[in-house]
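Encoded as structure tokens, the structure appears first; notes follow it.
Here, residue 1 is the first one in the sequence, and each next residue gets the next number. When a ligand or atom number is given, it counts from 1 through the structure's own listing order.
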Amino acid sequence: MKDRIDQLLAEINTIRAISMDEVEQLRLKYLSKKGLVSALFDDFKGVPAGSKREVGQLLNELKNKAQQKLDDLKSQFEQREEVSAAKPDLTRPAGHIEPGTRHPLSIVRNQIIEIFGRIGYTVADGPEIEDDWHNFSALNFTPDHPARDMQDTFFIAQDPDILLRTHTSSVQIRTMESTKPPIRMIFPGRVFRNEAISARAHCIFHQVEGLYIDKNVSFADLKQTLMYFAKEMFGEHTKIRLRPSYFPFTEPSGEMDVSCNICGGVGCNICKYTGWVEILGCGMVDPNALDNCGIDSKSYTGFAFGMGIERITMLKYQIRDLRLFYENDVRFLKQFTGAF
Ligand code: PHE
């Protein structure tokens with residue numbers, strides 16, 4: 001009897017189960033009424049009276065061991081089932097994700113492209129490293145024009161013919177050289193000028209150039225186009241003002257102001273208490289510039305304009321220092337979350 005108890009005890013110590021079903025099988029095998037442990041209790045009747053006490057104790061120990069072992073196995077599987085049955089808690093707050101943001105200059109550039117796209121303007125670009133012809137000569141700058149001066153232009157490798165473009169008007173020339181009218185295009189891009197960096201000026205900035213060439217294009221078309229743009233960009237209430245100006249490649253030339261959308265025209269330090277802010281230069285394309293590019297100035301006329309993206313962005317978002325655009329401080333940049 002004692003041998004059988006030892007044998008069963010050893011067996012029970014080594015049992016394993018890989019599922020809840022197996023645990024139940026083991027319970028039936030050892031502890032059910034017809035199980036192996038119960039069978040020993042049945043045989044207990046035949047144990048001689050002198051050994052009953054000792055064998056009875058061993059039997060009880062065996063039964064408790066078996067029960068303990070099966071309980072342990074059972075609770076292991078119960079825990080596992082709980083974990084796998086656990087569903088994600090959809091009411092918990094999500095982890096914080098900082099969405100990326102577009103740079104304010106990109107936002108405004110895209111908006112300018114979109115506004116002109118609606119009235120049929122397509123987009124092109126040109127090289128940032130230019131030659132004298134496209135940046136100056138073809139645009140009717142005389143050889144001694146002050147804009148060519150070393151103080152304004154970054155020349156490359158001491159070669160006065162190769163330079164960083166000082167305006168996107170160079171892309172007007174490239175486009176007119178390669179495209180037959182009608183032309184209705186805008187050219188966004190970076191430009192470079194040798195200027196001291198301050199709250200209002202930088203040596204790298206961005207422009208969008210516009211060019212419209214066809215038969216019978218007039219100054220009235222230019223004015224109407226710019227008025228449409230100003231109202232789309234700054235709101236329906238916006239007023240424009242054209243002042244006479246001079247550029248070698250346009251005649252007549254003008255500069256356009258918009259009513260200050262920071263003070264509503266009453267006067268503030270952004271508009272220097274005038275109620276107006278200058279945002280672009282424009283004019284009718286000079287016949288010399290058309291002829292320089294092989295477009296017959298007797299049959300075609302056109303207008304061009306060039307605007308500074310930084311200036312427009314500062315006005316739109318009330319940004320007072322242009323240097324913020326290039327420092328890439330995330331505290332500044334993350335304010336533009338959600339804009340396209
Ligand atoms: N290129 C001029 C500038 O940079 C702007 C301009 C563009 C003026 C087109 C007239 C026509 O100041």
State whether a side-chain donor-acceptor pair under 3.5 Å links Asp72 with Gln68. yes
Once you restrict to heavy atoms under 4.0 Å, what part of Phe249 touches ligand 1? Side chain, backbone, both or neither. side chain
What do you reckon, does His167 have a nitrogen or oxygen under 3.5 Å from a nitrogen or oxygen of ligand 1? yes
Does Phe303 have a heavy atom less than 4.0 Å from any atom of ligand 1? no
Salt bridge between Glu22 and Arg16, side-chain N to carboxylate O under 4.0 Å? no
Among Val37, Leu40, Leu8, whose side-chain contact (heavy atoms from CB on, under 4.5 Å) with Lys63 holds? Val37
May I ask whether Arg193 has any heavy atom positioned less than 4.0 angstrom from an atom of ligand 1? yes
Hey, are Glu278 and Arg311 close enough for a salt bridge, meaning a charged N less than 4.0 Å from a carboxylate O? no
Please work out whether any backbone atom (N, CA, C, O) or any side-chain heavy atom from C-beta onward of Cys282 is under 4.0 Å from ligand 1, and answer side chain, backbone, both or neither. backbone
Within-cut-off N or O pair, Glu209 and ligand 1, under 3.5 Å: no
Could you go through the side chain to side chain donor-acceptor pair (under 3.5 Å) check for Arg165 and Thr153 one step at a time? CA-CA 8 Å; Arg165 66 179 178 196; Thr153 309; over 6 Å; no
Backbone or side-chain N or O of Thr166 under 3.5 Å from ligand 1 N or O: no
Between Asp321 and Arg323 (salt bridge meaning N to carboxylate O under 4.0 Å), is one present in this structure? yes
Answer yes or no for Gln172: is there a heavy-atom contact with ligand 1 below 4.0 Å? yes
Nearest to atom 12 (O) of ligand 1, what protein heavy atom do you find, and at what distance? Phe247 CE2, 3.8 Å
